[in-house]
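This report refers to the structure that appears directly beneath it.
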Amino acid sequence: MEQYEPKGIEAKWQKYWENNPELYSADNASDKPKKYILDMFPYPSAAGLHVGHVESYTATDIASRYWRAKGFNVLHPQGWDAFGLPAENYAIKTGVHPDKVTHENIKNFTRQIKSLGMSYDWSREIDTSSPEYYKWTQWFFLFLYENGLAYKKKAKVNWCDSCQTVLANEQAEGGICERCKNAVVQKDLEQWFFKITDFIENNKDTSGLLDGLDKLDWPESIKAAQRNWIGKSFGAEVDFVLENSTEKITVYTTRIDTIFSGTYIILAPEHRLVEKITTAENKAAVEGYVEESKKKTELERTGLEKNKGGVFTGAYAINPANQEKIPVWISDFVLANYGTGAVFADAHDERDFAMAKKYGIPLKVSIRPQDEDGNKWEKIKNLEECHSDDGILVNSGQFDGLTSAEARPKIIEWIAAKGLARKMVNYRLRDWLVSRQRYWGAPIPIIYCDKCGEVAVPKGDLPVVLPTDVDFKPTGESPLANSKTFHDVKCPKCGGSARRESDTMDTFVCSSWYYFRYIDHMNNMEFAAQEKIQKWLPVDLYVGGAEHAVLHLLYARFFTKALHNLGHIGFDEPFLKLRNQGMILAEDGRKMSKSLGNVVNPDDAVAVFGADSLRIFEMFMGPLEDAKPWNTQGIVGVKRFLERIWRLQEKITDEDGKSIRSLVQKTIKKVGDDIEMMKFNTAISAMMILVNEAEKIGMTRESYRLFVKILSPFAPHIAEEIWGKLGNAESVFVSAWPDYDPGLIKDEEINLVVQVNGKMRDMLKVGADIDQDGAKAVALESEKIKAYVAGKEIRKIIFVPGKLLNIVV
RNA sequence: GCCCGGGUGGUGAAAUGGUAGACACAAGGGACUUAAAAUCCCUCGACCGCAAGGUCAUGCGAGUUCGAGUCUCGCCCCGGGCACCA
């Protein structure tokens, strides 16, 4: 017979699938139960598909093919997260339009994905950079705007002086401009925000970003990352009345148990009271410090500088716990945009402690460690060491002797009675800054009129099309601002002269709602029709990289919650089940990277081994979510496995041996169960065990047919080819998933493990339904067992039916 | 510092509290071949033993249990995320 030749077989079947798209298309009219199986859509980079893409796409492809065969109406689409910075940077360098580069890349990605035999419903392909798509991105902006969830305000942004542009946080990592390596500074600019903070907690009947996590089948690490990012903390606000003033300083603290040792106050340099309270003799120093902080780069300000700098304002305030007069300082380690922008400082915080030591500010101790270490306490008491953990209160009046946890609510209540404190919850999450001074994104659909001010573009006028007559060179303003055709416009309200908003939206806005568009991607009246939303959503299985733990997954949840809260949809979480694929490392165990020259290109692997080998190899390497190193020998081994499957055609027998008959049934069960649990590696090993056995004793045509069926989600090309050779006229993918015969799965005989005192001493072949007495009788017949129990009294018998007998002597 | 994962042969890894190392890769030996490739067969955690068999062994130390890779507590190491958040 001819050899297994993947190249020809794969090309042949890919063409067949291309010509028979109904095999993989989701059916809007069908009343079968639905499954929406989704990949995180890729950014079409110039580098092309990565083996990591192959891993997650294969996993969802196997799941999709399996559920189709199980009689489900499966929606499994793919598309392009097409706006983004790399294409624009390339345009700045070369002058080639981002649209051109992006679409060349999409073409390449499409070719690569199709060469892997993925069963996407390509009729639903979307491209976020197309006006048909971003029309609805803009619609969402207006929807949020109309409902008070999009607003404009002045904000600090990352600014690069040499590039003359605002940078996204991702571009300003470590406080250094990604493009020119210059230091990034903070600049105040008018920016658009989405009010994501409105949805942290439950909002009417919409579950919050925090509580909503509890009901999701997501990796614990991703849920933890989101909770972390939201950063809910429980504490109190406390008012410190200023001396010689009617003003008071409100601080936020989670450690009110330390308030009796609060010996000074620190304000953020941007705090509204700084100018007002600074005394004449401190004015110069304070103004100088505020100026310095403004000029400081993000790097300098957040650097792990141990020596906390600051300056005294000359003002004093009254500690409401002990009426002591304490000095007010400013320092830029206190953040203006968290809590109240002011803290009380004491000996029980490392930073406060260090700053006080530096300037000789008095300190006091109010917490003693709970454990009895006299030496340590001696040091803390003498202010040689900072104790920042909870402990037992001292020097705290009537609260002495309480633990920190006991004292906190009591102290709040006590100060609250004087009207100077209240319980307060704080979050780290801030509203989402969505404006970007960039070209390659969806334009923000707002017009500024001289008379009417800020005016929303009427929805009927959408999309606001991205102009082409622009210069990509950054000037400090969005490139859209210097497009005459774009910029000047008539006001939709009064018809007077007006100008368009020239910022575009963060690309994460485009990807926050794309899972809605696949279900109705041609709809020109709505982002998706109501009955289709009800039919298909939410997404049943979502697979992608863990790098999207917070941003994308949080933003997408916010969009869904806003839609739900405003009565548009009936569910408030977009992705019910989420799985992350682990990183595929290079053969040397390091990350694959261009600079290390250790990147494996899927094209090469397909050319040498074939797509089926690559797919099975990536699934066989280990658990989906684990990081695993590439191993070229491993893919060679998988290719051998497929060759052996191929040669089984020559080992067809007239009748199945008893072992094969039962093994085929067991394998059907195991492979199905494992696919449902996404344990693809063990599903493949089960198939290998069957192939090993069939190779030895052969199998019938019918058993081979069953095997090829369960293999088909993993290796679709070879499965189609053998399926055809077995005399089936139709594609393997129109056939149903086989049911296993529970009767054939049960073994008649089992190996009974016999232990003495918990150690295995013998293994006996017995009937599967043997009971304890029977097992005991057989075991005591065994010479090996006799040797261990002879002359001893049997004190206990543990019997696990069908498995084990333990004799305790 | 905080929050998540992990530590099992030479390697990737299996294992509802019940035979630790399934399934592979690599390695060694053999068959076939003039030879090689391909294919097939055997060995393959460590130690003792001719063998039968035994002892030890899942990062380290304790505990619970008839029985622990799996559960509990304490520690060590590695990977990832967040980080001046009061």
Side-chain angles (χ1 to χ4, degrees), chain A residues 3 219-229 231-233 235 251-256 258 262 266 268 301-306 308 331-335 337-346 348-352 354-355 388 426-430 546-547 549-550 580 582-583 585 587 589 616-617 620-623 625-638 640-641 643-644 647 679 681-692 695-696 751-763 784 787 795-800 802-809:
Chain A
Q3 283 204 326
E220 208 37 61
S221 58
I222 302 284
K223 292 193 196 181
Q226 294 216 349
R227 289 191 189 104
N228 245 316
W229 189 265
K232 186 175 187 173
S233 80
V251 306
Y252 174 71
T253 181
T254 56
R255 288 299 305 276
I256 200 162
T258 65
I266 314 171
R301 213 168 144 164
T302 62
L304 289 178
E305 188 193 331
K306 274 269 143 53
K308 298 301 173 191
S331 175
D332 61 11
F333 81 79
V334 175
L335 306 172
N337 51 16
Y338 181 77
T340 59
V343 299
F344 79 80
D346 73 347
H348 298 291
D349 178 282
E350 301 276 0
R351 299 155 301 178
D352 301 348
M355 181 168 162
S388 57
N426 247 303
Y427 304 94
R428 270 174 39 194
L429 182 72
R430 283 172 257 154
E547 68 274 16
V550 270
N580 298 122
M583 209 186 315
L585 305 168
E587 200 140 12
I616 294 199
F617 168 63
F620 185 57
M621 288 166 86
E625 60 278 9
D626 286 9
K628 317 159 270 267
W630 180 267
N631 176 352
T632 301
Q633 276 310 319
I635 189 167
V636 170
V638 168
R640 277 205 291 262
F641 170 57
E643 283 164 350
R644 286 162 55 213
R647 287 197 300 267
K679 291 169 66 175
N681 53 331
T682 48
I684 292 166
S685 78
M687 292 191 280
M688 286 174 168
I689 290 168
L690 176 60
V691 168
N692 288 345
E695 236 174 8
K696 279 182 213 145
N751 289 318
L752 182 77
V753 171
V754 183
Q755 298 181 332
V756 179
N757 292 336
K759 277 191 193 274
M760 192 190 77
R761 295 303 180 187
D762 202 0
M763 188 145 64
K784 286 180 191 163
R795 293 195 309 200
K796 201 170 178 182
I797 296 275
I798 311 281
F799 180 65
V800 183
K803 217 159 223 168
L804 167 139
L805 183 80
N806 186 14
I807 302 168
V808 185
V809 293

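Naming: A, B, ... by sequence-line order, numbering from 1 per chain. This one's a predicted model, so the numbers in the text were calculated from it and none came from an experiment.
Looking only at side-chain heavy atoms (C-beta outward), I684(A) and F617(A) stay at 4.5 Å or farther from each other. At least one side-chain heavy atom of S331(A) sits less than 4.5 Å from a side-chain heavy atom of M355(A). The shortest side-chain heavy-atom distance between N757(A) and V809(A) falls under the 4.5 Å cut-off. The side-chain heavy atoms of I807(A) and R761(A), taken from C-beta on, include no pair separated by under 4.5 Å.
The main-chain N or O of G582(A) is never found under 3.5 Å from a side-chain atom of D626(A) such that the two would form a donor-acceptor pair. Panel note: side chain E587(A), backbone T632(A); a donor-acceptor pair is recorded below 3.5 Å.
Qualifying salt bridge (charged side-chain N to carboxylate O under 4.0 Å, His left out) partners for E695(A), counting only residues two or more places apart in sequence or in other chains: R644(A). For K628(A), the salt bridge (charged side-chain N to carboxylate O under 4.0 Å, His left out) partners two or more places apart in sequence, or in a different chain, are E55(A). Shown here are the salt bridge (charged side-chain N to carboxylate O under 4.0 Å, His left out) partners of K784(A), two or more places apart in sequence or in another chain: D762(A).
Heavy-atom distances to RNA chain B give each of R428(A) and G637(A) a nearest nucleotide, and the one nearer the 5′ end belongs to G637(A).
Taking atom CG of D332(A) as the reference point, atom C1' of rA86(B) lies 15 Å away to the nearest angstrom. Straight-line distance from the CE atom of M687(A) to the C1' atom of rA24(B): 14 Å, rounded to whole Å. Remark: C1' of rG80(B) and CD of E625(A) are 14 Å apart, rounded to the nearest angstrom. Between Y338(A) atom OH and rC82(B) atom C1' there is a gap of 14 Å when expressed in whole angstrom units. As a whole-Å value, the separation of K232(A) NZ from rA86(B) C1' is 18 Å. One atom, CZ of R795(A), and another, P of rG67(B), lie 10 Å apart when rounded to the nearest Å.
Across the C1' atoms, rG9(B) and rG59(B) are found 15 Å apart, a figure rounded to whole Å. When the C1' atom is used for both rA51(B) and rG61(B), the distance is 38 Å, rounded to whole Å. Comparing the same atom, C1', in rC25(B) and in rC75(B) gives a spacing of 35 Å after rounding to whole Å. The same atom, P, is picked in rG21(B) and in rG53(B); the two are 16 Å apart, to the nearest Å. Taking atom P on both rC4(B) and rU72(B), the two are 14 Å apart, rounded to the nearest angstrom. Annotation: rG49(B) and rG54(B) have their C1' atoms spaced 9 Å apart (nearest Å). Nucleotides rC78(B) and rG67(B), compared at atom P, are 35 Å apart to the nearest Å. rG17(B) sits 16 Å from rG7(B) when the P atoms are compared, rounded to a whole Å.
When both pairing distances are held under 3.5 Å, rA46(B) makes a Watson-Crick or G-U pair with rU55(B). Nucleotide rU39(B): paired with rA31(B) (Watson-Crick or G-U wobble, both distances less than 3.5 Å). When Watson-Crick and G-U wobble pairs are counted only if both distances are under 3.5 Å, rG5(B) pairs with rC78(B). Nucleotide rA24(B) is matched to rU11(B) when pairs are restricted to Watson-Crick or G-U wobble geometry with both distances under 3.5 angstrom. Judged by Watson-Crick or G-U wobble contacts below 3.5 Å, the nucleotide rG18(B) has rC66(B) as its partner.
Syn is the conformation of rG9(B), whose glycosidic angle sits no further than 90° from 0.
Residues I222(A) and A549(A) come closest through the heavy atom pair CD1-CB, 3.6 Å. In this structure, T340(A) and V251(A) approach most closely via the heavy-atom pair OG1-CA, 3.3 Å.
Contact annotation for K223(A): no contact, since no heavy-atom pair falls under 4.0 Å across all strands. R227(A) comes within 4.0 angstrom of no nucleic acid atom, judged by non-hydrogen atoms across all strands.
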query = Just by protein heavy atoms under 4.0 Å, how would nucleotides 38-53 of chain B read 5' to 3' in B, S and -?
reply = -SS------------S
request  = For nucleotides 1-9 of chain B, just jot down a letter per nucleotide in 5' to 3' order: B, S or -, based on protein non-hydrogen atoms under 4.0 Å.
outcome  = --SSS----
B/S/- contact track for nucleotides 11-23 of chain B, protein heavy atom under 4.0 Å = -BSSSB-BB--BB
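Annotation: the span from I635(A) atom CD1 to R640(A) atom CZ amounts to 12.5 Å, rounded to 0.5 Å. Summarising the geometry, atom OG1 belonging to T253(A) is positioned 9.0 Å from atom CG belonging to D349(A); distances are rounded to the nearest 0.5 Å.
Residue R351(A) places at least one side-chain N or O closer than 4.0 Å to OP1 or OP2 of rC85(B).
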